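The figures here come from the full heavy-atom set of this structure, side chains too, leaving out hydrogens, waters and symmetry mates. Everything numeric here is computed off the predicted structure, so don't read it as measured data.
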Amino acid sequence: MTTQAQKEFLINGTIDQMTVFLMEDYHLELPAALELIYNSQLYEKINQLETGLYYQSAAYNYGLLKHEIEYGKIG
């Protein structure tokens, strides 16, 4: 069973890696990349633990985020 602390650790790791991806792919500064993530629909979904997105890879979640950026909604 995964504890709340473990879930938060996984979520934070995913956010960290997605931030790096955004900075590289979209040439964003750190604050802008974090703002984009924290204001996304995906961030809300990652924190809804029943979705299971918190334990998916950062690359998988980043793909969803890119879709949201391009089309305005999660793919």
Looking at every non-hydrogen atom in both residues, tell me the closest pair between Y62 and M18 and how far apart they are. N-SD, 3.6 Å
Once you round to the nearest 0.5 Å, how far does OH of Y54 lie from CG of L49? 6.0 Å
Between the main-chain N or O of Q41 and the side-chain N or O of E68, is there a donor-acceptor pair closer than 3.5 Å? yes
Give a yes or no on whether the backbone of K45 and the side-chain of T51 come within a donor-acceptor separation of less than 3.5 Å. yes
Passing option when M23 is tested against T19, D25, V20 for side-chain contact (heavy atoms from CB on, under 4.5 Å): T19
Which atom pair, heavy atoms only, marks the closest approach of L42 to N61? CD2-O, 3.1 Å
When you measure from the side chain of Q6 to the backbone N and O of T3, does any donor-acceptor pair fall under 3.5 Å? yes
Just checking Y55: does its OH atom have more than 12 heavy atoms from other residues, nucleotides or ligands closer to it than 6.0 angstrom? no
Quick one: are L65 and F21 in side-chain contact, heavy atoms under 4.5 Å? no
Side-chain donor-acceptor pair present, E8, Q4, cut-off under 3.5 Å: yes
Counting only heavy atoms not in K7, do more than 12 sit closer than 6.0 Å to its NZ atom? yes
Between OG of S40 and CD1 of I69, what distance do you get to the nearest 0.5 Å? 8.0 Å
Can you measure from CG (L53) to CD1 (I11) and round to the nearest 0.5 angstrom? 9.5 Å
Tell me whether the count of non-hydrogen atoms from other residues, nucleotides or ligands lying under 6.0 Å of OH in Y26 goes above 12. yes
Considering non-hydrogen atoms only, spot the tightest contact between I37 and Y43 and give its length. O-CB, 3.1 Å
Once you round to the nearest 0.5 Å, how far does CG of L28 lie from CG of L34? 10.0 Å
Joint hydrophobic cluster, F9 plus I15, side-chain heavy atoms closer than 4.5 Å: no
Rounded to the nearest 0.5 Å, what's the gap from CG on L22 to CD on E29? Could you check? 12.5 Å
